[in-house]
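To start, the structure itself, in structure tokens.
Note that this is a predicted model, so its numbers are computed, not measured. We name chains A, B, ... by the order of the sequence lines, and we start the count at 1 in each one.
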2 protein chains.
Amino acid sequence: MRRSDRLSEIIEIVQDGRLHLARDIAECLEVSVRTIYRDFDTLVASGVPIDGERGVGYMLREPVFLPPMNLSLVELEALHLGMAIVAEAADTELQVASASLAGKISKVATANGRVPKRWGFGVYPFVQAKLGFKHMPAIRKAVREQEKLEIDYRSLDSKASTRTILPLQIEYWGRVWTVSAWCEKREDFRAFRIDRIVTCALTGDHFEDEPGRTLEDYLERVNSDLTQTDKNY
Amino acid sequence: MRRSDRLSEIIEIVQDGRLHLARDIAECLEVSVRTIYRDFDTLVASGVPIDGERGVGYMLREPVFLPPMNLSLVELEALHLGMAIVAEAADTELQVASASLAGKISKVATANGRVPKRWGFGVYPFVQAKLGFKHMPAIRKAVREQEKLEIDYRSLDSKASTRTILPLQIEYWGRVWTVSAWCEKREDFRAFRIDRIVTCALTGDHFEDEPGRTLEDYLERVNSDLTQTDKNY
DNA sequence: GCTTCAACTGACAATTGCTGGCAGTTGAGT
DNA sequence: ACTCAACTGCCAGCAATTGTCAGTTGAAGC
């Protein structure tokens with residue numbers, strides 16, 4: 001096995017975000033532990049963010065590692081447009097992230113003479129965009145990790161209610177954001193405008209997909225009855 | 001110089017999308033030509049899309065090469081949200097590209113156990129989104145490459161006109177797209193709704209930034225007089 | 001304070017892989 | 001037929017990688 005190949009192998013092994021011992025990796029790749037130590041030196045010298053702690057093991061500092069990739073020019077353009085929109089239309093955390101991502105990509109792709117210096121995408125702020133982002137990060141987390149949420153909601157006709165919901169998807173409507181969820185109170189799907197959620201608490205309760213309550217079920221329902229979703233927010 | 005470092009060096013050299021001779025690269029990196037041939041073998045074996053043609057030289061097949069990178073989870077999330085929006089709100093070419101990019105990224109980041117299977121972003125179609133995309137690709141190209149455009153425009157009050165414009169920026173307004181440009185006819189900045197451009201031709205004329213006609217000048221103007229832009233479409 | 005664990009470091013001999021030079025082949029274009 | 005430059009195989013020399021061994025270091029637990 002070539003050394004350069006082994007280095008990629010090591011990255012793939014460490015990529016799961018868990019702790020790894022040099023001993024295990026050495027065994028797995030059939031080289032000596034000493035060699036693994038040297039390999040980690042090389043990787044760190046090349047800028048791969050690996051932390052080694054004495055008596056503990058090795059771990060990737062940044063959760064997501066992207067191996068070398070090839071993009072077409074159009075894909076790169078789509079990425080920059082997407083980041084421009086997100087930088088304008090989403091919550092602060094995502095705004096920062098999109099700017100940072102666009103920066104990272106620009107930096108490494110700039111060397112290429114065929115990449116335009118400027119992408120020329122502008123995005124105009126949406127009137128309601130400033131408000132109602134308070135709970136976005138929490139809701140995004142809940143969607144990602146399938147965690148139940150407890151929310152105080154104030155509907156458009158000003159009726160307040162408290163519910164436990166199983167958030168399935170966040171929707172972007174151009175001016176407002178909604179979260180579609182299974183509502184335990186109503187025992188049905190509901191869509192909530194994020195800017196009208198008063199308080200929002202992560203319960204810590206994980207939920208699994210259950211027949212009749214999945215995102216797919218919801219989307220099917222929406223498709224079969226397009227007016228249905230509009231009623232709830 | 002370590003071999004693995006030289007391999008990255010070679011990629012950086014070839015990255016400009018132009019043709020390169022093994023001889024030149026060898027000279028630049030101070031190794032023999034034979035070594036360069038071996039290096040290209042290694043790179044190709046590792047999946048870097050390099051084409052070598054006898055009697056011609058070496059070239060990167062895909063225009064943009066992304067070196068290994070590290071992203072935070074939030075950056076990855078921003079990327080997927082951005083791609084979801086672009087997949088819904090932009091022209092066909094960008095739609096395809098955004099889907100393809102999201103797919104590529106998912107594929108290589110899937111191995112990591114900490115990356116969610118599903119991002120849970122939905123984007124609802126905008127009413128006017130279906131129409132008016134006909135000229136988007138051409139306009140995007142013109143903005144990227146600073147090329148003059150000749151357009152037939154039909155303003156909101158149905159007045160038709162033909163103009164030569166220097167497109168500076170494409171703007172996304174949530175429901176409509178506009179292109180801001182220096183208009184040679186009016187000798188001033190104008191913003192045009194893309195869905196109201198009847199015909200649109202790339203002239204092949206390249207233009208450079210000129211004082212008073214740059215994107216920066218335009219943005220300054222817009223900032224100082226917010227109502228100005230709304231008049232023109 | 002002692003022990004344990006596993007990351008680290010340094011040294012050295014063995015070996016592997018890389019390198020340069022050379023002589024030739026191949027395929028495309030002129 | 002000729003040129004160009006990518007490619008291939010071979011070989012000797014050398015530089016990089018490797019395993020072994022014998023340590024040190026820092027954190028955590030007892």
Problem - R6(B) CZ - dC18(C) P separation (whole Å) - result: 9 Å

Practice task
For H20(A) and dC5(C), give me the distance from atom NE2 to atom C1', rounded to whole Å.
Solution key: 18 Å

Practice task
Using whole Å, report how far CD1 of I50(B) lies from C1' of dC7(D).
Solution key: 15 Å

Practice task
Using whole Å, report how far CD of E30(B) lies from C1' of dC18(C).
Solution key: 17 Å

Practice task
Return the value, rounded to whole Å, for the distance between atom CG of D5(B) and atom P of dC18(C).
Solution key: 14 Å

Handout entry: Rounded distance in Å - CG (D51(B)) to P (dA5(D))
Key = 18 Å

Practice task
Could you check how far CE of M1(A) sits from P of dT16(C), rounded to whole Å?
Solution key: 17 Å

Donor-acceptor contacts, no H, no angles, side chain residues 26-33 of chain B, under 3.5 Å, sequence neighbours left out:
| residue | atom | partner | partner atom | Å |
| --- | --- | --- | --- | --- |
| S32(B) | OG | R34(B) | N | 3.4 |
| S32(B) | OG | T35(B) | N | 3.3 |
| S32(B) | OG | T35(B) | OG1 | 3.2 |

Problem - Upstream residue (5' side of DNA chain C) when R23(A) and R2(A) are each assigned their closest nucleotide - result: R23(A)

Problem - Minimum-distance nucleotide (side-chain atoms of T35(B) versus dG20(C), dT20(D), dT17(D)) - result: dG20(C)

Completion exercise
Out of dG19(D), dT8(D), dA7(C), minimum distance to the side chain of R38(A) belongs to dG19(D)

Exercise for the section: Test F121(A) against R140(B) for side chain to side chain contact (heavy atoms under 4.5 Å, CB included), laying out the working first. Expected result: CA-CA 9 Å; F121(A) 287 122; R140(B) 283 192 286 111; 4.1 Å; yes

Handout entry: Side-chain ion pair, D209(B) and R118(A), N-O less than 4.0 Å
Key = yes

Practice task
Output the single nucleotide from dG21(C), dT17(D), dT9(C) whose closest atom is nearest the side chain of S32(B).
Solution key: dG21(C)

Exercise for the section: Look at the side chain of K104(B) and the backbone N and O of N70(A), then say whether any donor-acceptor pair between them is shorter than 3.5 Å. Expected result: yes

Exercise for the section: Kindly indicate whether the side chain of R54(B) and the base of dG29(C) share any N or O donor-acceptor pair separated by less than 3.5 Å? Expected result: no

Exercise for the section: Using a heavy-atom cut-off of under 4.0 Å over every strand shown, decide if F40(A) touches base, sugar-phosphate, or nothing. Expected result: nothing

Exercise for the section: For V31(B), report the nucleic acid contact type (base, sugar-phosphate, nothing); a contact means any heavy atom under 4.0 Å. Expected result: sugar-phosphate

Handout entry: Value in whole Å for how far the P atom of dC5(C) lies from OH of Y37(A)
Key = 13 Å

Problem - Residue D39(B), side-chain heavy atoms: nucleotide from dC18(C), dT17(D), dT19(C) that is nearest - result: dT19(C)

Practice task
Decide yes or no, distance alone: a donor-acceptor N/O pair under 3.5 angstrom between the base of dG10(C) and the side-chain of R34(A).
Solution key: yes

Handout entry: E53(A) vs R61(A), salt bridge (charged side-chain N to carboxylate O under 4.0 Å, His left out): CA-CA, chis, key distance, verdict
Key = CA-CA 12 Å; E53(A) 255 187 273; R61(A) 188 166 49 246; over 6 Å; no

Problem - Closest to the L21(B) side chain, choosing from dA6(D), dT17(D), dG20(C) - result: dA6(D)

